[in-house]
Student: 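Handing you this structure, nothing more for now.
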Amino acid sequence: MELNKISEGKTKIVYEFDKDHVLLRFKDDITAGDGQKKDVLEGKGVLNAQTSAFFFRLLESKGIDTHYVGMMDERTMIVKKLKMIPVEVVLRNIATGSIVKRLPINEGEIFEPPIVEFFLKDDQRHDPLLNYYHMEYLKLLNRKEAEQIEDIMIKVNQILSSFIKSKGLILYDFKLEFGRLGNKLVIGDEISLDSMRIRDNSGRIYDKDLYRKGQDISIVKASYEEFLKRIIS
Ligand code: CDP
């Protein structure tokens with residue numbers, strides 16, 4: 001089948017499919033630092049496609065709207081065509097990453113209730129933090145939509161956190177991207193170890209922080225594999 005490329009990002013390619021759907025092909029590339037660090041991790045595309053598909057199905061089974069429809073092949077998802085909003089929405093249960101650099105918060109502090117943050121998707125500006133006023137002014141999201149997204153983030157967190165806990169692991173934080181389908185806000189993009197932080201009780205890291213911190217890419221791959229095996233078993 002001849003595929004028409006619509007767009008290509010750092011780790012995924014979007015192809016035309018039909019009037020209401022596109023294909024999302026997960027590449028083997030792994031990047032960090034707004035794309036400054038980059039490697040090819042053979043098989044990573046399949047792992048992230050499978051991990052994302054698993055979590056999208058889990059969310060759909062609990063009544064959360066996602067773009068997921070099915071798989072075209074092991075690394076290619078059939079998804080609903082959304083009007084994507086260039087905002088990254090992060091929910092944090094435990095402090096790590098950018099928040100401990102930005103604010104007087106210590107690594108490992110527990111957020112009860114969890115903290116939700118919005119960032120502009122803009123590598124050149126290093127994804128700046130947004131508030132409701134910025135989002136309204138930039139015509140990204142109005143306040144009502146932003147609040148709807150916060151509610152979805154809280155629900156998704158309950159589902160993901162308790163599932164991940166049942167596997168003996170801890171969800172530190174995760175990032176989602178949203179799109180519009182008619183007047184509905186729908187989860188798009190991916191839900192994988194590239195977009196969430198997972199550790200165990202001993203503090204062992206399973207996610208892309210391994211790569212961010214300079215671990216050998218064979219170790220990163222083994223960890224992504226182990227995580228997928230663990231969630232599907
Ligand atoms: O990754 P970094 O420390 O720069 O940013 P963060 O704000 O601490 O990241 C919070 C969560 O969002 C982590 O699970 C990241 O993996 C995820 N994230 C992402 O998926 N894409 C980005 N561009 C930035 C963060």
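As the structure lists them, so they are numbered: ligands from 1, and atoms in each ligand from 1. Only a predicted model underlies this, so the values are computations on that prediction, with no experimental measurement involved. In what follows, residues are counted from 1 in the order of the sequence shown. All values below were derived from every heavy atom in this structure, side-chain atoms included, with hydrogens, water molecules and symmetry-related copies excluded.
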Student: Give the atoms of ligand 1, by number and element, whose distance to some non-hydrogen atom of G97 is under 4.0 Å.
Tutor: 3 (O), 8 (O)
Student: Say whether R92 and ligand 1 are in contact under the criterion: heavy-atom distance to a ligand atom below 4.0 Å.
Tutor: yes
Student: Side chain, backbone, both or neither: which part of E88 comes within less than 4.0 Å of ligand 1 when only heavy atoms are counted?
Tutor: side chain
Student: Atoms of ligand 1 less than 4.0 Å from D127 heavy atoms?
Tutor: 23 (N)
Student: With a 4.0 Å heavy-atom cut-off (strictly under), which part of M196 contacts ligand 1: side chain, backbone, both or neither?
Tutor: backbone
Student: Could you tell me, atom by atom, which parts of ligand 1 come under 4.0 Å of a heavy atom of V90?
Tutor: 10 (C), 12 (O)
Student: Which of the atoms of ligand 1 are close to D194, meaning less than 4.0 Å from one of its heavy atoms?
Tutor: 16 (O), 20 (O)
Student: Any nitrogen or oxygen of K101, main chain or side chain, under 3.5 Å from a nitrogen or oxygen of ligand 1?
Tutor: no
Student: For atom 16 (O) of ligand 1, grab the closest protein heavy atom and report residue, atom and distance to one decimal in Å.
Tutor: R212 NH2, 2.9 Å
Student: Please classify the K208 to ligand 1 contact at 4.0 Å (heavy-atom distances, strictly less than): side chain, backbone, both or neither.
Tutor: neither
Student: For ligand 1, is there an N or O atom under 3.5 Å from any N or O atom of R102?
Tutor: no
Student: With K10 as reference, evaluate D28, D189, D123, D39 under the salt bridge (charged side-chain N to carboxylate O under 4.0 Å, His left out) test and give the passing residue.
Tutor: D123
Student: Considering only the protein, which heavy-atom contact is closest to atom 9 (O) of ligand 1, and what is its distance?
Tutor: R197 NH1, 3.4 Å
Student: For D173, which part has a heavy atom under 4.0 Å from ligand 1: side chain, backbone, both, or neither?
Tutor: both
Student: Under 4.0 angstrom from ligand 1, any heavy atom of K121?
Tutor: no
